[in-house]
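Let me begin by presenting the structure, written as structure tokens, before commenting on it.
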Amino acid sequence: MKPIPTFDYLNQYQNIRTQIQEAIQRVLTSGRLILGPEVEAFEAAFAQFLGESTPGVGVGNGTDALIVALMALFTPSKNDEIITVANAGIPVVSAIRSVGATPVFCDVDPATGLLDIEQLPKHLTPRTRAVVAVHLYGNVVDIPRIRGVIGDSDIPIIEDCAQAHGALLGDQSVGTLGDASAFSFYPTKNLGAYGDGGFCFSRNPEVTRAMGAIRMYGMDSSGQCVREGINSRLDEIQGAVLSVKLKHLPTWIKQRRTLASHYARHLHPKIQTFTTPANVTHGHHLQVIQVENPKGLQKELSAQGIATGIHYPIPVHRMKGYGFLGLPEGSLPETEKLCQKVLSLPLYPEMRLEEVERIALAVNKL
Ligand SMILES: *Cc1c(COP(=O)(O)O)cnc(C)c1O
């Protein structure tokens, strides 16, 4: 039987090849490769996709988007702490370290896999400088509820939307709920470039202006450095590619939704999944199940030509590179339990319903 990968951009490329080639050709003959009209057009178009009229800021990748947003929202001092989760991969923690702060991990709610807002207060200290909430798998963290818990303090909330393009809380898009947000256009994401790309957004024009300066050495339009920055730009070719793909994004998300509902119908009720809160429209980036032995199941599915992923097998606080944080096993019980149970089944717009049935059948049997 035909193997089912976890991700297949070639299939999708065949459907949009002419538009993509035309867009790349346009850039190559324009004489402009960095920060020109293509990126500018995409920055407005993606903001519009989020339901907003003020543009965002294109950057080099999703991790840089987090760094740029963090740099725009706080002035580093000594012993800064930034609260986040440890089950969402390395990027957030890498970004927090890049701005010189220490990650403080809040455990997750086992029902949703998201930051457990009830446990947030015990992590707040006078050194807390920000909260980075990750909309993991396409599910949505209740940002207004976090704001309620933090109160009127000036602690900013940054949304990591790398896995949640198209997800909503009520009728409001992720990325517009907090003080600033970060998106990734890594090729596997709901909206993926043909290479790396990222995007920062804020509804606050001052924060947007700061992010725009920070992504290029902290320069303003006069070429003067007005604050410290980094260098992380979305390039014109990726901007043009992303503008083409953005037009298809609503359709692709709809297809993801249809496939996810098909999984829900065909996976046996004994197969545990995550809860989507009632007011959330899921972005369906990943189709994650919870099983006792994910690595074993992964092997058996692989033998049947079904590829799977594990997002993520090791919580960040238990990784060797973060040993210096000194967080022993047992510090985040729910996070640690989940990381031993999660398995991501294939989910991408070009999948066929029969393939979902074949996967569900194989999973149900095991
Ligand atoms: C992919 C991802 C990122 C980072 O994106 P890059 O573009 O790879 O830097 C950040 N956070 C989460 C949750 C992600 O899945």
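For ligands, and for the atoms within them, numbers begin at 1 and follow the listed sequence. Below, each value reflects all heavy atoms present in this structure, side chains not excepted, and no hydrogens, waters or symmetry copies.
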Quiz item: Is it true that Phe42 and Phe185 have ring centroids separated by less than 6.0 Å?
Solution: yes
Practice problem: Indicate, with yes or no, if the rings of Tyr348 and Phe7 have centres closer together than 6.0 Å. | Solution: no
Measure up the [X] and [Y] rings against each other and bin them: parallel (under 30°), tilted (30 to 60°), perpendicular (over 60°).
X: Tyr137; Y: Phe274; answer: tilted
X: Tyr322; Y: Phe324; answer: tilted
X: Phe183; Y: Phe199; answer: perpendicular

Quiz prompt | Heavy-atom nearest option to atom 3 (C) of ligand 1, drawn from Gly62, Ala162, Ala164 | solution = Ala162
Quiz item: Should the pair Lys245 and Tyr194 be classed as cation-pi, given the thresholds of under 6.0 Å to the six-membered ring centre and 45° from the axis?
Solution: yes
Quiz item: Using heavy atoms and a threshold below 4.0 Å, how should the contact between Ala88 and ligand 1 be classified: side chain, backbone, both, or neither?
Solution: backbone
Show me which atoms of ligand 1 lie under 4.0 Å from any heavy atom of [X].
X: Pro91; answer: 3 (C), 4 (C), 10 (C), 11 (N)
X: Tyr312; answer: 15 (O)
X: Val134; answer: 13 (C)
X: Asn61; answer: 7 (O), 9 (O)

Who's the nearest protein heavy-atom neighbour of [atom], and how far?
atom: atom 9 (O) of ligand 1; answer: Thr63 OG1, 2.6 Å
atom: atom 13 (C) of ligand 1; answer: Asp160 OD2, 3.5 Å
atom: atom 1 (C) of ligand 1; answer: Lys189 NZ, 1.7 Å

Practice problem: Run the contact test for Gly89 against ligand 1 with a 4.0 Å cut-off on heavy atoms, strictly below, and give the result. | Solution: no
Quiz item: Does an N or O anywhere in Ser184 fall below 3.5 Å from an N or O of ligand 1?
Solution: yes
Exercise. Could you walk me through whether Val140 and Leu168 pass side-chain contact (heavy atoms from CB on, under 4.5 Å), step by step?
Key: CA-CA 7 Å; Val140 180; Leu168 309 171; over 6 Å; no
Quiz item: Can we say Arg215 and Glu43 salt-bridge, meaning some charged N sits less than 4.0 Å from an Asp/Glu carboxylate O?
Solution: yes
